[in-house]
Amino acid sequence: MSGADPAAEAAALRAELERANRAYYELDAPEISDAEYDRLFRALQALEAAHPALATADSPTRRVGGAPAEYLPKARHAVPMLSLDNAFTTEELRDWHQKLVRLDGRVAEAALALEVKIDGAALSLTYEDGILVRGVTRGNGTEGEEITANVRSIGDIPLRLDGSDWPARLEIRGEVYIGRAAFARVNRDREARGLEPLQNPRNAAAGALRALDPAEARRRRLAFFGYQVVVLDGTAPADTHDGMLAALARWGVPVEPHHVVVDGIDDAVAACDGWATRIRDLAFDADGLVIKINDLAVQVELGVVGNRVPRWAIARKFPAESAFTRLLDIEVNIGRTGALAPTAILEPVRIGGVTVTRATLHNEDVIASRDVRIGDVVEVIRSGDVIPKVLGPDRSRRTGAEVPWQPPTHCPFSGTLLVRPEGEAARYCPDPRCPGRAYEQLVHFVSRAGLDIEGLGPERVRQLLDAHLVRDAADFFTLTADTLRELEGFADQSAAALVQAIAAARERPLHALLAALGIRHVGATAAKLLARRFGTLDAIREATAQDLEALDGIGPAISGSLREFCEDPGTAALLDRLRALGVAQEEAGVQADGPRPLDGQILVLTGTLPTLSRAEATQRIEAAGGVVKSAVSRKTTAVVAGSEAGDKLAKAEALGIEVIDEAELLRRLDRAE
Ligand SMILES: [Zn+2]
């Protein structure tokens, strides 16, 4: 590069520096040495100094251009940065939803957006005409500190937004964090420089954001996930929260990838339960999920409580406490779906006020990848009511006497040869009547994810099993107050209450029964789809794999395990017994043999319909065999548009998908009635 064309030279240097930046931050794998980076950087700086017209706002020199500041100026937020209310239990989450439903009936059926709650420092970024102009910390929510120079040093925050559909002025809000691997590197670097290691990634991120020297901010390898768009001037790119996240991704802003939209509170609770044990397995610190009403118009109507917390969002937190103790042994249990569940037997340790003696080790891959050995000192965490789990060993405390664990080849309960399906992390006992599965299956059957029988927790199930009063799920419906009274801990009143709760569970809808049966791959969502489509358990039992897979959302894995379940003589007998004992096997409002004019069709609703509420429209479409989705895709059959339809209408038109009005929807619904 001899400098024949300064503009071309500057462009080449910028491209190379940006690529190096990305490798450094996002991939955590520097492509070029620090010395080489500095050389390119100084070359670009010199070029820009000699030709000021070349110094663009998005030049990488701006990323570390700031000299150390003497103080951080205060900056007011155009729109306050709110904090979120927390739900520490499922009950609190349901209470939040109940309150919203009382405020606005539409919430009952409203889609909910779920995303991982990143444990970092909140940040507001202002873009004008697509160029980053300001970065401000959250501060007290009304006023933060301006840290634009530090923000520019964060390699994965775009200095210029991609695309062109961004509003002229907007704020992007999100969380600055340091990933686990990057944090370990930062501390190794600090130790090499003779500095104290940093305590935890969150404090390190918050401290770096407010560092007076942008070079220190760069050294800490900060990263960013965006989660909100505030339009200051211009047109919103979407009318739903997930639409906004999609817009952020289009503009080159990193978005945490695990966000989903679910149909209602039951699915949200199920998703939270699933995350409670997995949240610490992410590559960065996270302590819960944020649940939001997906529809932005409904959000606005629900509003804010006291200018402080929005009603339309809540953080479901899984606070964790951890302790170190010795792993004495690994016991093998069988989960309700037959998966091998290795359980850690621990030297008793107090965690969060509870003595812990057992913890989950997930599966054999986790044990192998974390190199957990019997005899290790391991870190155990516990959050809420969730089963404690082993995070990993403290290798520095090994004596050499630790023994790696070998998974068994045969089921310790039934002696069956274990199988490991391709691509799965666990071995399974393929015997559906394996006694090892019974306890977990029964606990699941009566839990909230199943028939939701009040007063029947894991301890009670254990007690009933040990007393030989219950061997399979049907046996619950044979219990009488007289037999229960014989058991320890039961009085007249509690025995009668439990019998009553069991009787009430006979009337649960088919989708609850299906989910309760614990058929592999058939969770709450699949159970609902199946119940709404087939209406009765008999219809499902008679359905062929082809019938099942005709349903959007049912693939070969679900249909395969469902067919297997229905064809097994043992489970078939169980289903017959449940019916004989008066357990309903039907979904209300679905006529299996009735006319289903919208069979297999996928509809998306947008805007306000003239006569039908969104809940009514959804209910009628589903009763007619259709499926209502919140987002438009190529699979969408038609979009039903009312007044003030938003970006879904535009997307439908862009994809060439049919758009119909309410009158046409009603005509199609009535076609076969
Ligand atoms: Zn077995």
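Note that ligands are numbered from 1 as they come in the structure, with each ligand's atoms numbered from 1 the same way.
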Open item on the list: Using side chain to side chain contact (heavy atoms under 4.5 Å, CB included), reason through E488 and Q463 one step at a time and then give a plain yes or no.
Closed with: CA-CA 9 Å; E488 201 187 311; Q463 196 184 9; 4.0 Å; yes
Open item on the list: For the Zn ion (ligand 1), what is the number of protein N, O or S atoms at a distance under 2.8 Å?
Closed with: 4
TODO: Name all residues meeting the salt bridge (Lys or Arg N to Asp or Glu O under 4.0 Å) criterion together with D281; count only those two or more places apart in sequence or in a different chain, and write none if there are none.
DONE: R370, K389
Task: For D263, all residues meeting salt bridge (Lys or Arg N to Asp or Glu O under 4.0 Å), sequence neighbours excluded - done: none
- [ ] Give the ring-plane orientation class for F476 versus F445, where under 30° counts as parallel, over 60° as perpendicular and anything between as tilted.
- [x] parallel
Open item on the list: Going by side-chain contact (heavy atoms from CB on, under 4.5 Å), name the residues that satisfy it together with R462, two or more places apart in sequence or in a different chain.
Closed with: Y439, L465, D466
Open item on the list: Less than 4.0 angstrom from a charged side-chain N to a carboxylate O is my criterion; do D431 and R437 meet it?
Closed with: no
